[in-house]
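All remarks here apply to the structure that follows.
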Amino acid sequence: MTCTLFLTRHAKSAWNTDAPSDHARPLNKRGRRSAGALGNWLHQQSVQPQQVLSSSAQRTRETYELMELPAPATFTERLYHASAQIIFDVLREASKPNVLLLGHNPGLMQFAHDIVKHPPAHSRFEDYPTGATLMVQFEISSWDQLQTASGRVLDFVVPRELLGE
């Protein structure tokens, strides 16, 4: 039995906004295009997310909406600027075998590095830019069995590549 994780950093957000807080910052134009491209890429994969665990921030909510995934999302404050350890703890509570987790750096980047056996040979994996998505598979039957350094990387993409930029 396997479990598959899609680990996605939110798409590019706007800084020149009248949002009352960092939590309320929306996506910018490029971020909206990127989120759509990520959704298209996800729909082409042989494995599809069955559950989405996401930060409650506006930019992660918009990223999820623009991906147009059929999987239901749970938005939680716990994933807003969460550390790698909190991300690990939240994922271990997932109820479906194929999960998309949507969050923020630097915790997301650290978590990505912590869970893979071997990092992908991609120049952007180190800094995990906005919209970056890691597809990683684990030889486990449920998420509560998740261990660090156990994931096999299936793919790693960044929106600029998907958009041909």
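Small disclaimer: the values here were computed from a predicted structure and weren't measured.
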Determine whether [X] and [Y] make a side-chain contact, defined as any pair of heavy atoms from C-beta on separated by less than 4.5 Å.
X: Asp144; Y: Glu93; result: no
X: Leu100; Y: Leu7; result: no
X: Arg9; Y: His104; result: no

Hydrophobic cluster membership, with links at side-chain heavy-atom distances under 4.5 Å among I/L/V/M/F/W/Y: are [X] and [Y] in one?
X: Phe111; Y: Met135; result: no
X: Leu53; Y: Ile140; result: yes
X: Met67; Y: Val47; result: yes
X: Met109; Y: Ile86; result: yes
X: Tyr64; Y: Val157; result: yes

Tell me whether Arg152 forms a cation-pi arrangement with Phe138, defined as NZ or CZ under 6.0 Å from the six-membered ring centre and within 45 degrees of its axis.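 No, Arg152 does not lie over the aromatic ring of Phe138.
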Answer yes or no: is there a donor N or O on one side and an acceptor on the other, between the side chain of Thr17 and the main chain of Ala14, under 3.5 Å?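 No, the answer is negative, given that no donor and acceptor are paired below the 3.5 Å cut-off.
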Could you measure the distance from the [atom1] atom of [X] to the [atom2] atom of [Y]? Nearest 0.5 Å is fine.
X: Arg32; Y: Lys29; atom1: CZ; atom2: NZ; answer: 8.0 Å
X: Glu139; Y: Thr2; atom1: CD; atom2: OG1; answer: 6.0 Å
X: Leu79; Y: Leu101; atom1: CG; atom2: CG; answer: 5.0 Å
X: Gln58; Y: Glu62; atom1: CD; atom2: CD; answer: 4.5 Å
X: Arg92; Y: Leu146; atom1: CZ; atom2: CG; answer: 6.5 Å
X: Leu38; Y: Leu66; atom1: CG; atom2: CG; answer: 10.5 Å

Please assess Leu163 against Ser34 for the test side-chain contact (heavy atoms from CB on, under 4.5 Å), listing each intermediate value before the final yes or no. CA-CA 7 Å; Leu163 293 167; Ser34 294; 3.8 Å; yes
Sequence-distant partners of [X], side-chain hydrogen bond (donor to acceptor under 3.5 Å, both in side chains), two or more places apart:
X: Thr4; value: none
X: Asp127; value: Arg124
X: His43; value: none
X: Thr63; value: none

So, for [X] and [Y], which heavy atoms are closest and what is the spacing to 0.1 Å?
X: Gly31; Y: Ala11; answer: O-CB, 3.2 Å
X: Asp114; Y: Ala84; answer: OD2-CB, 3.7 Å
X: Phe75; Y: Ser55; answer: CD2-O, 3.4 Å
X: Thr60; Y: Leu102; answer: O-CD2, 3.2 Å
X: Gln51; Y: Ser95; answer: OE1-N, 3.0 Å
X: Pro97; Y: Trp143; answer: O-CZ2, 3.4 Å

Is it the case that over 12 heavy atoms from other parts of the model lie below 6.0 angstrom from the CD atom of Gln145?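 Yes, because the 6.0 Å sphere around CD of Gln145 holds more than 12 heavy atoms from other groups.
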Other residues, nucleotides and ligands only: do more than 12 of their heavy atoms fall within 6.0 Å of CZ on Arg160?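 12 or below, so no.
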Show your reasoning for whether side-chain contact (heavy atoms from CB on, under 4.5 Å) applies to Gln110 and Ser83. CA-CA 8 Å; Gln110 184 60 56; Ser83 67; over 6 Å; no
Listed once per pair and sorted, the salt bridge (charged side-chain N to carboxylate O under 4.0 Å, His left out) pairs that draw on residues 45-55, sequence neighbours left out: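 The answer is none; no pair qualifies.
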Applying ring-ring contact (aromatic ring centres under 6.0 Å, His included), which residue pairs with at least one partner in residues 18-39 are found, sequence neighbours left out?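 Matches after skipping sequence neighbours: His23-Tyr80.
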Given Leu5, which of Ile115, Leu134, Asn98 fulfils the side chain to side chain contact (heavy atoms under 4.5 Å, CB included) condition?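 Only one option passes, and that is Ile115.
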Salt bridge (charged side-chain N to carboxylate O under 4.0 Å, His left out) assessment of Asp22 paired with Arg25: CA-CA 5 Å; Asp22 176 73; Arg25 279 193 302 117; 3.0 Å; yes
Less than 6.0 Å separating the ring centroids of His113 and Phe125?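 Judged by ring-centre distance (under 6.0 Å), His113 and Phe125 do meet the cut-off.
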Any idea how Trp41 and Phe6 line up, ring-wise: parallel (<30°), tilted (30 to 60°), or perpendicular (>60°)?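 Perpendicular.
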